[in-house]
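Per chain, numbering begins at 1; letters A, B, ... match sequence-line order. These numbers were taken from a predicted model, which means no experiment stands behind them.
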Amino acid sequence: MRKKFATITNSAVPLVFIGLLLVLWEYLVRVMAIQEWLLPGPLRILETLWGNLPLLLKHAQSTLLECLAGFVIAILISFILSFFMEEIPLLKRAFYPLLVASQTVPIISVAPLFIIWFGYGMLPKVIVVVLVCFFPIALSLLGGLAAVDRDYLELFRSMKASRLATFRMVKLPLALPSFFSGLKISASYSVMGAVIGEWLGAKQGLGTYMTLAQRSFQVDRVFAAILVVTLCSTALFTLVSLLERLIIPWNRKTEWRELE
Amino acid sequence: MPEIVVKGVQITLAGLLTLREINLVAADRSVTGILGPSGCGKSTLFNIISGLMKPDKGSVFIGGGDVMGKTGLVSYMHQKDLLLPSLNVLDNVSIPLVLRGMPRKAARTEAARHLQTFGLQGFESYYPWQLSGGMKQRAAMLRTYLFSSDTWLLDEPFASLDAITKRKMHTWLTGVLEQFRPTVLFITHDVDEALYLCDKVYVLSECPTVVKLEMSIPFSRPRQNRTILDQAYGAVRDAVMDALSI
Ligand SMILES: Nc1ncnc2c1ncn2[C@@H]1O[C@H](COP(=O)(O)OP(=O)(O)O)[C@@H](O)[C@H]1O
Ligand SMILES: [Mg+2]
């Protein structure tokens with residue numbers, strides 16, 4: 001009973017807070033008579049969102065497609081790379097610094113190159129998404145694999161298990177909780193990656209919509225697009241969380257924390 | 001047949017002479033206890049017997065054959081239960097069968113036949129985090145049994161249990177040992193546990209470790225009684241305590 005009450009208040013607190021912020025925003029915009037092309041109020045933004053919904057959905061569709069494609073590719077690459085890096089220590093020593101160094105290159109500076117190389121189609125955006133998503137996923141997977149209790153490995157060695165069996169039965173499952181935490185971070189970044197890609201030149205997508213709206217000072221449309229981006233990110237995050245519950249139902253750390 | 005003989009085993013770990021010279025014999029189908037101070041190298045000795053580590057000197061024979069560096073010949077139960085959190089009880093205990101190449105379904109059926117003996121019936125679909133400490137140890141024991149039914153190395157299997165659970169496990173284990181008659185090497189810190197379960201105990205010294213005392217336990221098995229009332233009990237216990245300098 002108390003637990004249920006706590007869950008309700010837990011989700012109510014941020015909602016009420018956000019509601020209050022929105023009311024304040026609307027109030028200030030009206031009282032100070034701020035020009036619409038500078039900062040529209042939340043009601044105006046909702047109105048624009050509603051009016052442009054079909055168009056926004058069409059753009060969101062191509063953005064989401066780029067996201068999902070990039071996301072899946074990033075996961076595949078992470079799995080393959082992590083497997084070889086975990087099983088061949090020399091490879092890990094060689095690749096790990098490279099992996100970290102790759103993250104210091106600002107995406108925004110290399111993305112235009114992809115457009116030069118691959119044109120205005122989907123491919124350069126997918127590449128940007130892969131670059132954004134890959135690092136958190138690979139790092140969390142590698143971290144999870146490295147953190148596997150050595151005693152499990154010794155036990156399997158004493159049972160004469162092959163390396164592949166040990167990887168499949170011990171290392172991989174035990175690394176999955178860590179992998180999913182990286183996956184959740186990536187899920188929320190992926191939409192941003194696609195939007196950045198589109199921003200620099202594209203035929204469609206939320207990024208394109210935003211740049212067009214921005215150039216004509218339709219700030220309400222920019223905000224409406226931002227709202228859609230946020231919703232997409234949240235949806236992807238939720239999807240990954242659901243997958244996590246489905247794939248590793250035995251990982252009860254979250255439930256334990258709730259009980260305490 | 002699976003008699004375990006350790007001959008003149010010596011090993012240096014991280015520059016420290018850990019085992020100086022260990023000689024011991026675990027007779028076929030008997031339970032042999034190993035007592036010794038913390039860090040004297042008991043687990044290391046098990047790692048050597050199970051083939052996970054190679055000693056600098058000496059050799060290990062099981063059933064007459066030299067088994068140095070050969071894994072997979074004995075069943076090694078670690079101090080921790082080492083059940084995989086990702087698998088339920090039945091799948092956890094079937095691991096040795098699956099590793100041996102048995103199809104998963106057949107392995108489950110085979111493992112399920114033993115759940116009763118190991119007090120796990122009705123819990124086959126539970127995950128390790130849903131089990132009590134005693135149950136986890138029994139599940140680990142069943143996995144140990146399914147890997148090898150005749151030669152077991154048990155490394156402080158009950159050290160993490162409370163006194164009452166531990167006592168229940170002793171009674172239960174005596175029954176299981178009577179039923180399967182494996183050759184067992186049993187590491188423990190608990191003198192009474194050793195005297196209750198073992199046919200013979202070895203007491204090891206501090207590092208660099210040698211065998212300080214070898215003592216047969218003269219009380220007959222099975223021990224139905226809760227308390228051993230044998231005349232010799234006090235004297236045997238004192239001798240072991242002396243060797244441990246407690
Ligand atoms: N792989 C290893 N490398 C170096 N030192 C080790 C290794 N394993 C154990 N040791 C050391 O060897 C000693 C004996 O360890 P262990 O066999 O676990 O003792 P026990 O099981 O008797 O408590 C300890 O001091 C431990 O720190
Ligand atoms: Mg130990």
So does B:R104 have more than 12 non-hydrogen atoms from other groups sitting under 6.0 Å from CZ?
no

For A:F95, is the CZ atom crowded, meaning more than 12 foreign heavy atoms sit under 6.0 Å from it?
no

With the side chain counted from C-beta on, respond yes when A:F156 and B:T71 share a heavy-atom pair under 4.5 Å apart, and no when they do not.
no

For B:L16, look at atom CG and say whether over 12 heavy atoms of other residues, nucleotides or ligands are found less than 6.0 Å away.
yes

Rounded to the nearest 0.5 Å, the NZ atom of B:K70 sits from the NZ atom of A:K160 at a distance of 8.5 Å

How would you list all residue pairs meeting salt bridge (charged side-chain N to carboxylate O under 4.0 Å, His left out) that involve residues 174-196 of chain A, not counting sequence neighbours?
A:K184-A:E244

Most heavy-atom pairs under 4.5 angstrom with chain A, which of B:L52, B:L84, B:I95?
B:L52

Closest heavy-atom pair and its distance - B:W129, A:W250
NE1-O, 3.5 Å

So which part of A:L174 gets closer than 4.5 Å to some heavy atom of chain B, the side chain, the backbone, both or neither?
side chain

Below 4.5 Å from any heavy atom of chain B, which atoms of A:A165 appear? Answer side chain, backbone, both or neither.
side chain

Looking at A:Y189, I'd like to know if its OH atom is crowded, meaning that more than 12 non-hydrogen atoms belonging to other residues, nucleotides or ligands lie closer than 6.0 Å.
no

Near B:E110 CD, under 6.0 Å, is it more than 12 heavy atoms from other residues, nucleotides or ligands?
yes

Indicate the atoms forming the closest heavy-atom contact of B:S86 with A:M169, along with that distance.
OG-O, 4.5 Å

Give, as side chain, backbone, both or neither, the part of B:I49 having an atom under 4.5 angstrom from any heavy atom of chain A.
neither

Is B:Q130 atom CD crowded by more than 12 heavy atoms from other residues, nucleotides or ligands, each under 6.0 Å away?
yes

Within a radius of less than 6.0 Å around OH of B:Y126, do more than 12 heavy atoms belonging to other residues, nucleotides or ligands occur?
no

Audit row: B:R143, A:L155, side chain to side chain contact (heavy atoms under 4.5 Å, CB included) steps and yes/no:
CA-CA 11 Å; B:R143 184 186 56 199; A:L155 172 73; 3.6 Å; yes

Scanning both residues in full, the closest heavy-atom pair of B:P85 with A:Y152 reads CD-OH, 3.8 Å

Please classify the contact between B:Y76 and chain A as side chain, backbone, both or neither, with a heavy-atom cut-off of under 4.5 Å.
both

Would A:D149 and B:K80 count as a side chain to side chain contact (heavy atoms under 4.5 Å, CB included) if you check the C-alpha gap in whole Å, the side-chain angles of each, and the deciding distance to 0.1 Å?
CA-CA 11 Å; A:D149 189 342; B:K80 292 184 254 175; 2.9 Å; yes

Can you list everything that forms a side-chain hydrogen bond (donor to acceptor under 3.5 Å, both in side chains) with B:D91? Sequence neighbours excluded, please.
B:R108

Non-hydrogen atoms of chain A under 4.5 Å away: do they reach the side chain of B:L99, the backbone, both or neither?
side chain

